[in-house]
Amino acid sequence: MRKVIGRRALLRSGMAAGALAVGGSLAASQGSKAQAAGTSGGRLRRWAMVIDLRKCDGCQSISQPPQCTEACIQGHFAPEPMQWIQVYESPLEGQAGTQFVPTPCQHCQNAPCVNVCPVGATFATPEGTVLIDQMRCIGCRLCMEACMYDRRFFNWGTPAQPPQTLFLEYSPEHQDPAIRGTVMKCDFCPDMARAGRLPYCAQACPHGAIYYGDLEEDLATNGSEVVKISRFLAENNAYRLKEDLGTKPRVHYIPGHGEAVGRMPTTTGRKATTWPWQKTIGGALPWQR
Amino acid sequence: MAEVAYVPPAWRERLETRGLAPLRSTGVRYWAWIGFLLVIIAWAVFEYATQLNNGLIVTGMRDRISWGIYIISFVFFIGISHAGTLLSAILRVTKARWQMSVTRMAEFITVVALMVGALFPLIDMGRVDRVLELFQYGRWQSPLMWDILAITTYLTGSSLYLYLPIIPDFALARDRLGPAAPRWRRVFYQVAALGWRGTPEQRKLLDRAMTTMMIVIIPVAVSVHTVVSWIFAMTLRVAFNSSVFGPFFVAGAIFSGIAAIIILMAVLRKLLHLEEWITRTQFLYLGYMLAAFTLIMAYFNLQELVVTGYKMEAGQTFHFAELMTGPFMPLYAYYWIGGMIVPGLIMLYPRTRTIAGITFAAVLVLVAMWIERFLIVVPGFRVPLMAYGARNYFPTLVEWSILAGAVALFMLIISVFAKIFPIISIWEVVEHRGPEPDAAAEPRRVRPTIRPELRPQLTAAGTTTTEGVQP
């Protein structure tokens, strides 16, 4: 039996401020507004994600495009064709059919992208997230070469975003407004977590497949259920993508193909992702990845 | 310096006249050529402005193949810059003499190729306006910073190494051009010659400086192409994940450098009528080196294929299939046949081992080496990282135009240099070579030239090296 704790209580307890600024580069360009989140004991949060693939059917059951991607795009105003969390359909090993794998940035603890950035525009925070400072990024795309998860997106042209993004104050934690010639990716929603809310993707998943939480307190939630991360991972044969590369991702997967929500692996295909405001923007050209 | 062989005055007079001729007069054809190059460059600048206005969306690059012919050409140009180091440093260290009449050209290639090559990362940048951040926030953990350090060091060093051996020739130009030369030329050579009179004191200094530079520049050149390879090899991508990339790139760089110098030699020899000083000997010896490097390149390629192909790690199957049976097969086949097999065969048969044949082999190699970099970058990026279909990359008109502009800029700077700097290192040819029988006169001999030590040494008593460059 898992002990159930309200997710609000869990996340709110983290709002007690950790005093550390989120790394020099962030402080330098952002006037150090953002602060690392800490537990009540003064320890740093170590954000992590667990994605239960047994519950992911690529939103086949609701005949919609994957809701995590849709919510992420609408929450972050991610320009087309960026899917910061992308639901890949990959063939199952050893049996017929496919599985759906929602793939956000893996927030590697030995992140190749952080290593190669020549100006420190991509940086790791003390909370273990990997962020991009688009005000500093020079657009050399060395990080895109280094990332082994295809999780980095370049603004090749003028990014198409709804007009309200122009009024947002820029922060690497939400990356709006997007800047042409710079790289973007999933930021793990640390601003949302500090405010006691789950990332857009976790909130939107109709089956509660995405758990988000803190390795330090060893707890994660999908919004309706709280799990002890270490036990949850151990009991369910969890793995991480391309673990043998030594990148040490913060995103864990529990193997499956949507069987918990009644999907047959041989039912393939999903609805295409949409960018709802695209048609309202004049002039901005989307591109293909 | 070396003891001076007997130098017939008429021969030396011819050499000095020929060597300084481009500095004296400029024909209409030269200006037409410069105009032609400027038109191409202007077109490239226009296309680059389009890219600045619209972003890199005007190129064929996208997220999944995020580098294209800009980075390919960057590696290519930095590669041919190794021509100068090879000829003027490595061969000078080994006291070879036959290359003296072409060292200057090789040093031109080095400096100009570095200048042009270094533009490409800037052209490739999404936010070129932020380039100074590299100095403000630069992190030494990044391979890009290693490139910047290595290339600026190499450019500084090779510019210095280009300048040092020119000093006596500047003095020659200063003394020989006479009052008919335009004022700016007289002032320029006056200043650039640094008061060179050829005194024993000055010779000793120059000798020491050149010896130091020729030794320092070799490890710098090796480091440059090693770190260029590391912008690929430092990533986990399966096609780049190799420990042989450093030496492989250095060998490829020297290979393409030899090809570049052979082509430039052939062109300038014809245009500037240097047939007497650039003979079949230079082509033949450089051709032999080219042939040796076809084997070295073939070795590196084979060892890479065998080691990775035996294990067939995930993704390697896809990569190999793409190269050998897939969309890149024609290019890959050309790389092997045109880049290694045919040039090797041309050098193998005495009948094809002519100046024309060797130049043809060099053109094949130069093209193949650009393609080789294409085959490293594009198929390397094409290997899918996740469950998606491999993306295609077709360079757009903007990219081709900018490449054409860069090639034109390369030729333009070389053309301008040829009008300002004596294209042959006159004083070194006089000192080290002396008149030599043209090897082309005896094409069927096994040993095509008389080795220097077998050459009749008609040392004139009392001739000292200090007189070498005096009028």
Side-chain angles (χ1 to χ4, degrees), chain A residues 24-25 28-29 81-82 86 88-91 98-101 103 112-121 123 133-159 179-183 241-242 244-247 285-289, chain B residues 51-68 70-71 121-122 124-148 230-232 234-238 240-241 313-315 377 380-381 384-388 391-392:
Chain A
S25 22
S29 63
M82 300 187 191
Q86 183 162 355
Y88 288 111
E89 184 174 14
S90 51
T98 60
Q99 63 173 169
F100 286 103
V101 185
T103 317
C113 55
V114 173
N115 292 342
V116 298
C117 180
V119 291
F123 58 96
D133 182 351
Q134 279 90 3
M135 303 298 267
R136 183 177 290 182
C137 174
I138 60 171
C140 68
R141 311 193 294 295
L142 214 55
C143 57
M144 302 183 70
E145 185 203 13
C147 178
M148 288 300 281
Y149 302 95
D150 182 42
R151 288 301 76 209
R152 292 187 153 252
F153 307 82
F154 190 68
N155 283 301
W156 295 97
T158 306
I179 301 168
R180 189 175 79 200
T182 63
V183 178
L241 296 182
K242 307 190 183 186
D244 51 327
L245 296 179
T247 50
L285 280 172
W287 52 87
Q288 302 281 309
R289 284 198 80 205
Chain B
Q51 180 182 309
L52 282 182
N53 276 335
N54 298 292
L56 288 163
I57 195 171
V58 299
T59 68
M61 299 182 278
R62 289 298 179 265
D63 288 346
R64 278 161 184 162
I65 299 188
S66 53
W67 280 347
Y70 294 153
I71 297 295
L122 298 179
D124 186 69
M125 269 170 65
R127 290 297 305 244
V128 73
D129 54 311
R130 296 178 180 172
V131 65
L132 291 178
E133 288 186 4
L134 287 166
F135 301 98
Q136 201 175 350
Y137 305 113
R139 296 169 71 245
W140 292 113
Q141 297 93 320
S142 169
L144 199 70
M145 293 300 289
W146 309 339
D147 276 11
I148 292 170
W230 283 351
I231 63 173
F232 302 106
M234 289 296 160
T235 68
L236 293 158
R237 284 190 188 248
V238 67
F240 305 152
N241 199 358
E313 263 184 89
V377 175
F381 271 92
L385 297 171
M386 303 293 291
Y388 60 80
R391 199 184 185 284
N392 290 320

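Letters A, B, ... are given to chains in the order of the sequence lines, protein chains preceding strands, and every chain is numbered from 1.
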May I ask you to test the [X]-[Y] pair for a side-chain heavy-atom distance under 4.5 Å?
X        : Y        : answer
B:Arg127 : A:Ile179 : yes
B:Asp124 : A:Cys140 : no
A:Leu241 : B:Met386 : yes
B:Leu144 : A:Val116 : no

Region of [X] in contact with chain A, defined by heavy-atom distances below 4.5 Å:
X        : value
B:Arg237 : both
B:Phe232 : both
B:Leu52  : backbone
B:Asn53  : backbone
B:Asn54  : backbone

Q) Is it true that the NZ or CZ of A:Arg136 lies under 6.0 Å from the centre of B:Tyr137's six-membered ring and within 45 degrees of the ring axis? A) yes
At a 4.5 Å cut-off on heavy atoms, which part of [X] comes close to chain B: side chain, backbone, both, or neither?
X        : result
A:Gln288 : both
A:Pro118 : both
A:Gln134 : backbone
A:Asn115 : backbone
A:Thr98  : neither

Note to self: Taking the basic N atoms (NZ, or NE/NH1/NH2) and the acidic carboxylate oxygens, is any pair closer than 4.0 Å for A:Arg141 and B:Asp63?
What the structure shows: no
Which of [options] touches chain B most, by non-hydrogen pairs under 4.5 Å:
options                               : answer
A:Gly139, A:Pro81, A:Ala121           : A:Gly139
A:Arg180, A:Lys242, A:Glu89, A:Met144 : A:Arg180
A:Ala146, A:Cys117, A:Ser90, A:Cys147 : A:Cys117

